[in-house]
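In what follows, chains are A, B, ... by sequence order, proteins preceding strands, each numbered from 1.
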Amino acid sequence: MLDPQLFRKDLHGTVERLRKRRFDFDIDQYADLERVRKVLQVESQALRSERNTSSKAIGQAKAKGEDIAPLLREQDKLGSDLKSKELELNQVQEQLQNLLAGVPNLAHDSVPIGDEESENQEVRVWGDKPKFDFVVKDHVDLGNKLGMMDFDTAAKITGARFVVMHSHLACLHRALTQFMLDLHTGEHGYEETYVPYLVNPESLFGTGQLPKFAQDQFVTKDEGWYLIPTAEVPVTNLVRNEIVEAQDLPIKRVAHTPCFRREAGSYGKDTRGMIRQHQFEKVELVQIVHPEHSYEALEELTAHAEAVLQRLRLPYRVVSLCTGDLGFASAKTYDLEVWIPSQNRYREISSCSNFEAFQARRMQARFKQPGRQGNEPVHTLNGSGLAVGRTLVAVMENYQQHDGTIVVPQALAPYMRGISALQPIR
RNA sequence: GGAGAGGUGGCCGAGUGGUUUAAGGCGCACGCCUGGAAAGUGUGUAUACGUUGACCCGUAUCGAGGGUUCGAAUCCCUCCCUCUCCGCCA
């Protein structure tokens, strides 16, 4: 949610900035609601104040044994006036709230202007793409040939967009997770955190997935809990409704969780393989920071995610998402895209965003400014460090050999129980 | 799943319909006192919104949301959470 003050103090400037982001803000509806809200709020507060005063007078009169009947008659009208005013006010406030809750974040000045993915800006490229003197296979064929990856059985157990993995491939998948966690806790200063995988709707509202993206989530029938689409939700919501001390910032957390996405509306996309699944593992980095430092933190966090790819020696590039491609809650996002040989292109493997105060305001996550009156919203950031399933795909494809075996990257050696290459099980 | 007890400020804790404008204590901050400190003593010490140049002031918030009432921390209803016992269970 944006700061309501922005709309009150600089309505047209704010609307202009939203337009850059391809969002059309309904000025007339907003202005009408805001005008009515102000009047109703002042009036109902005055009425309530009046009622409080006379209720007190009634109490005192009664204590003295005076006749309170005439006073009560006077109160009658006051009460019903107040009730109807407050009802009106509540409705208007709800409408305003809904209007503002649907407005996306403003893009940072450094974000490239554009409408679609093709206008994203390449920031840097790392690593040399592997050269193969044979026809490359994709991870589906590779996994199949190894006898360690099985989509058909997953479809039998559940449905499309799930996978079953066996043996050394399942081990490689787990090794990736542990490697990432150890790197971020050991070298990048994150605290490892374990969180619930089912969350209430308030948490999803806080990080911005609700109300707009309800159709992307899995939800439990009886409780109305949501399976997390990313660890961002539970981890960022750790500070929901909290006031943290300035000295406790930055808070840096890393969590490994499964993620669940309905992938509604992407029926034709990436139907083959592990790129787009309903369930996947992710190691997520979250930072809660002082507003003055959030852009340094974004660079730092992005570098932390990049470090994973560098240690695994996987070629990638970093792109800055353009205004039209930016996520709802984000002010600036770097996508990390890893090289996928079978597709002969880079594919997203991490998304690192600064949400500034957007999520914090929705969550009421604040911090005390020493020497200053009142509390300010914190800034929140997160990034995948990395999406484990897609990292597995990248490792399989980039480390494949002519005979279909897969060399295990050096960095994973400590986690692979001496397995140096994946070979078909006999 | 069954039975019971609870939820009040940063913390403890009083408060069963009206001088409660939430007592009192602890903690914290700033004074006074002191050579310095402790003790003592005084003042202050939540959040959000509205109003204001600023102070003031107004409104709301006693787990959440409804209701009864002229008036609700207090009475009623629904829900959430915590604790104890029983059952089930990895």
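If you take atom C1' in rC89(B) and the same atom in rA5(B), they sit 25 Å apart, rounded to whole Å. rG1(B) and rA73(B): their C1' atoms are spaced 33 Å apart (whole Å). For the C1' atom pair drawn from rC11(B) and rC62(B), the interatomic distance equals 16 Å after rounding to whole Å. When the P atom is used for both rG66(B) and rU82(B), the distance is 23 Å, rounded to whole Å. For the P atoms, the distance from rG87(B) to rC79(B) is 26 Å, rounded to whole Å. For the C1' atom pair drawn from rC33(B) and rA39(B), the interatomic distance equals 11 Å after rounding to whole Å. The gap from the C1' atom of rG13(B) to that of rG24(B) amounts to 8 Å, rounded to the nearest Å. The separation of rC12(B) from rG6(B), taken at their C1' atoms, amounts to 16 Å, rounded to a whole angstrom.
The side chain of Gln41(A) lies closest to rC49(B) when the candidates are rA46(B), rA48(B), rC49(B). Side-chain proximity of Lys368(A) to rU21(B), rA46(B), rA60(B): nearest is rA46(B). When distances are taken from the side chain of Ser55(A) to each of rA48(B), rG50(B), rG18(B), the shortest belongs to rG18(B). Relative to the side chain of Asn52(A), the nucleotides rA48(B), rU59(B), rA72(B) differ in distance, and rU59(B) lies closest. Here rU47(B) is the nucleotide among rG50(B), rU47(B), rU59(B) with the atom lying nearest to any side-chain atom of Ile243(A).
Between the CD atom of Glu245(A) and the C1' atom of rA29(B) there is a distance of 14 Å, given to the nearest Å. Distance Asp222(A) CG to rG1(B) C1': 15 Å, rounded to the nearest Å. Summarising the geometry, the separation between CG on Leu100(A) and C1' on rC49(B) is reported as 14 Å, rounded to the nearest angstrom. One can place CZ of Arg361(A) at 11 Å from P of rC49(B), the figure rounded to the nearest angstrom. Distance, Ile58(A) CD1 to rU19(B) P: 13 Å, rounded to whole Å. In this structure, Leu89(A) atom CG and rU59(B) atom P are separated by 15 Å, rounded to whole Å. Taking atom CZ of Phe367(A) as the reference point, atom C1' of rU47(B) lies 16 Å away to the nearest angstrom. A straight line from CD of Gln247(A) to C1' of rG10(B) spans 14 Å, rounded to a whole angstrom.
Salt bridge status for Glu187(A) with Arg311(A): present, with a side-chain N to carboxylate O gap under 4.0 Å. No salt bridge links Arg261(A) with Asp216(A); every basic N to acidic carboxylate O contact stays at or beyond 4.0 Å. A salt bridge links Arg276(A) with Glu263(A): the closest approach of a Lys/Arg side-chain nitrogen to an acidic carboxylate oxygen falls below 4.0 angstrom.
Taking the ring axis of Phe205(A) as reference, the NZ or CZ atom of Arg362(A) stays within 45° of it and closer than 6.0 Å to the ring centre.
With a cut-off of 3.5 Å on both Watson-Crick or G-U wobble distances, the partner of rG35(B) is given as none. With a 3.5 Å ceiling on both atom-pair distances, the Watson-Crick or G-U wobble partner of rA64(B) is rU78(B). rU84(B) and rA3(B) make up a base pair, with Watson-Crick or G-U wobble contacts both under 3.5 Å. Nucleotide rA23(B) forms a pair with no other nucleotide shown, judged by Watson-Crick or G-U wobble geometry with both contacts under 3.5 Å. Checking rG58(B) for Watson-Crick or G-U wobble geometry (two distances, each under 3.5 Å) identifies rC49(B) as its partner. Base pairing analysis places rU69(B) opposite nothing; no Watson-Crick or G-U wobble pair with both distances below 3.5 Å involves it. Across all strands shown, rC28(B) forms a Watson-Crick or G-U wobble pair with rG44(B), both key distances being under 3.5 Å.
Proximity of Arg366(A) to the phosphate of rU47(B): no side-chain N or O atom is located under 4.0 Å from OP1 or OP2.
Nearest-nucleotide assignment on RNA chain B puts the 5′-proximal partner with Arg8(A), out of Ser49(A) and Arg8(A). Summary of the strand contacts: Gln5(A) and Ser44(A) both lie near RNA chain B, and taking for each the nucleotide with the nearest heavy atom, the more 5' one is attributed to Gln5(A).
A tilted orientation is assigned to the rings of Phe7(A) and Tyr30(A), their planes being inclined by 30° to 60°. Between His139(A) and Phe151(A), the two ring planes are perpendicular [angle over 60°; tilted spans 30° to 60°].
On a pure distance criterion of 3.5 Å, a polar donor-acceptor pair joins the side chain of Gln45(A) and the base of rG58(B).
Between the side chains of Glu192(A) and Thr185(A), not a single donor N or O lies within less than 3.5 Å of an accepting N or O.
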